[in-house]
Amino acid sequence: MANDKPKVGIFGLTGCAGDQLQILNCEDELLRLAQRLDIVDWVMAKSDNDHASRLDVAFVEGVVATERDLETLKEVRARARTLVAIGTCAVWGGLPAMQNTVAREVLQREVYHGHANLDTVEALPPTHFVPFELLLPGCPMERQEFLRAVNALLAGTNPELPRVPVCWECKARENACRVVYHHEVCCGAMTRSGCGARCPSHGVACAGCRGPVEEPNYDANITMFAGRGLSWVEIARKMSAFSAPVWMTQGLEQEVRRDDKR
Ligand code: SF4
Ligand code: SF4
């Protein structure tokens with residue numbers, strides 16, 4: 001009998017493989033997914049892989065940090081009808097792209113003690129190079145968001161993704177605000193929701209791991225932080241840890257670089 005299940009590939013570029021691990025951690029749901037999907041190419045999870053066939057859906061995690069990464073990404077794009085970026089590295093650049101914002105001499109001095117060739121090292125999100133149909137940020141991505149997205153793709157619809165900031169979820173959970181009550185640098189107002197405000201709900205300020213919310217209101221946030229004696233450069237630096245390439249296009253680059261040299 002012909003196999004008419006959608007063909008799926010799951011790929012990792014440079015990164016920690018945390019998003020692929022999230023998929024493996026789906027456990028019971030993974031078995032159900034395996035019954036509905038034909039996962040033909042997933043090097044991390046199986047040994048009999050088909051590296052050539054057309055794919056209905058391909059999931060890509062990690063950043064492009066090498067020529068090989070870029071070749072792999074282009075090959076996957078050419079094979080896939082629907083390409084989905086999984087995790088903040090693939091969507092925004094994540095932690096690997098943080099080093100792009102730091103002057104090379106600072107990296108050499110503080111991290112590598114003069115022992116690395118950093119001339120050509122730059123990490124960029126795959127979204128910088130090829131178009132994607134769907135973006136699932138998070139460090140790692142949220143398991144439930146991934147499963148909802150897969151269900152929507154199987155149903156032929158677009159998954160509904162959260163558009164409000166983390167603050168919205170934080171208020172819904174009636175947390176005491178880390179900025180207002182603790183005078184901490186919390187990135188919740190600028191970060192896209194979907195994690196259920198996990199960190200503030202455990203008494204820790206949001207570090208911005210899901211990347212910028214759509215249309216962040218920079219001016220209002222700068223004013224809010226300044227009014228509490230907090231530097232907006234601190235929040236820019238904190239946010240840029242997970243989504244440096246996009247922040248660097250938002251006019252914050254000079255301030256962050258100036259701050260690095262202090
Ligand atoms: S603690 Fe952070 S996420 Fe929660 S409301 Fe305050 S700024 Fe927003
Ligand atoms: S609260 Fe912020 S840092 Fe924590 S998981 Fe959510 S987006 Fe990431």
Side-chain angles (χ1 to χ4, degrees), residues 15-23 25-26 61-63 84-98 101 125 127 134-149 159-247 250 252 256:
C16 73
D19 301 285
Q20 294 183 75
L21 209 52
Q22 276 290 67
I23 299 175
N25 281 343
C26 287
E61 81 160 359
V63 292
V84 183
I86 53 173
T88 288
C89 286
V91 178
W92 302 113
L95 293 177
M98 178 170 41
T101 69
T127 50
L134 184 61
L135 308 175
L136 300 177
C139 187
M141 68 171 171
E142 295 294 322
R143 201 186 310 174
Q144 291 305 324
E145 198 164 81
F146 168 76
L147 291 169
R148 280 197 302 274
E160 192 67 38
L161 297 175
R163 298 167 66 95
V164 292
V166 170
C167 284
W168 192 90
E169 294 177 319
C170 194
K171 300 286 185 213
R173 299 187 69 161
E174 302 186 353
N175 295 326
C177 177
R178 306 306 303 176
V179 179
V180 174
Y181 294 101
H182 301 276
H183 285 212
E184 291 175 4
V185 176
C186 182
C187 300
M190 306 244 238
T191 303
R192 68 180 55 201
S193 59
C195 63
R198 179 177 292 114
C199 299
S201 300
H202 288 86
V204 179
C206 169
C209 84
R210 289 176 58 80
V213 69
E214 281 177 40
E215 301 179 15
N217 190 334
Y218 294 108
D219 292 346
N221 277 283
I222 290 165
T223 304
M224 178 183 76
F225 277 89
R228 288 170 174 80
L230 298 170
S231 159
W232 69 270
V233 174
E234 281 183 62
I235 192 170
R237 287 172 59 77
K238 205 167 174 183
M239 283 294 291
S240 69
F242 286 98
S243 45
V246 67
W247 278 85
Q250 305 281 0
L252 302 178
V256 173

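In what follows, every heavy atom counts, from backbone to side chain, and hydrogens, waters and symmetry copies are set aside. It should be emphasised that the depicted structure is a prediction, and the values quoted were computed from it without experimental measurement. Counting starts at 1 for both ligands and their atoms, in listed order.
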Next item on the list: Kindly say whether Ala197 contributes a backbone atom to a donor-acceptor pair with the side chain of Glu169 at under 3.5 angstrom?
Entry: yes

Checklist line | Point-to-point distance, once rounded to the nearest 0.5 Å, from CZ of Arg163 to CD of Glu215 | finding: 8.0 Å

Notebook entry, point to check: Passes side chain to side chain contact (heavy atoms under 4.5 Å, CB included), Arg210 versus Ser193? Steps please.
Noted result: CA-CA 7 Å; Arg210 289 176 58 80; Ser193 59; 5.7 Å; no

Check: What's the shortest distance from atom 4 (Fe) of ligand 1 to any protein heavy atom, and which residue and atom give it?
Finding: Cys170 SG, 2.3 Å

Margin query: Suppose we measure from atom 8 (Fe) of ligand 1 to each protein heavy atom; which comes out shortest, and what is that distance?
Written below: Cys167 SG, 2.2 Å

Checklist line | Tally of protein N, O or S atoms, where distance to atom 8 (Fe) of ligand 2 is under 2.8 Å | finding: 1

Notebook entry, point to check: Is there a side chain to side chain contact (heavy atoms under 4.5 Å, CB included) between Asp19 and Leu136 once you walk through the steps?
Noted result: CA-CA 10 Å; Asp19 301 285; Leu136 300 177; over 6 Å; no

Margin query: Suppose I only count heavy atoms of Pro200 and a 4.0 Å limit; which atoms of ligand 2 are within that range?
Written below: 1 (S)

Margin query: If you apply the rule side chain to side chain contact (heavy atoms under 4.5 Å, CB included), what do you find for Met141 with Ile23, and how did you get there?
Written below: CA-CA 9 Å; Met141 68 171 171; Ile23 299 175; 3.6 Å; yes

Notebook entry, point to check: What protein heavy atom is closest to atom 6 (Fe) of ligand 1, reported as residue, atom name and distance in Å?
Noted result: Cys177 SG, 2.3 Å

Margin query: Donor-acceptor check, side chain of Thr127 to backbone of Val91, threshold 3.5 angstrom: yes or no?
Written below: yes

Note to self: If I compare all heavy atoms of Cys26 with all of Phe146, which pair ends up nearest, and what's the gap?
What the structure shows: SG-CD2, 4.2 Å

Checklist line | Nearest heavy-atom neighbours spanning Ser201 and Gly196 | finding: OG-O, 3.7 Å

Next item on the list: Would you mind running through ligand 1 and noting each atom that sits below 4.0 Å from a heavy atom of Arg178?
Entry: 1 (S), 6 (Fe)

Next item on the list: Please could you name the atoms of ligand 1 that Val179 approaches to less than 4.0 Å, counting only its heavy atoms?
Entry: 7 (S)

Next item on the list: Using a strict 4.0 Å cut-off to heavy atoms of Gly188, name the atoms of ligand 1 that fall inside it.
Entry: 3 (S)

Check: If you count the atoms of ligand 1 from 1 in the order shown, which ones are under 4.0 Å from a heavy atom of Cys186?
Finding: 1 (S), 2 (Fe), 3 (S), 7 (S)

Note to self: Can you give me the closest heavy-atom contact between Cys170 and Pro200, atom names plus distance?
What the structure shows: SG-CB, 3.6 Å

Margin query: Using a 4.0 Å cutoff against the non-hydrogen atoms of Lys171, which atoms of ligand 1 qualify?
Written below: 5 (S)

Next item on the list: Would you please test Leu135 and Leu161 for side chain to side chain contact (heavy atoms under 4.5 Å, CB included) and show each step?
Entry: CA-CA 9 Å; Leu135 308 175; Leu161 297 175; 5.7 Å; no

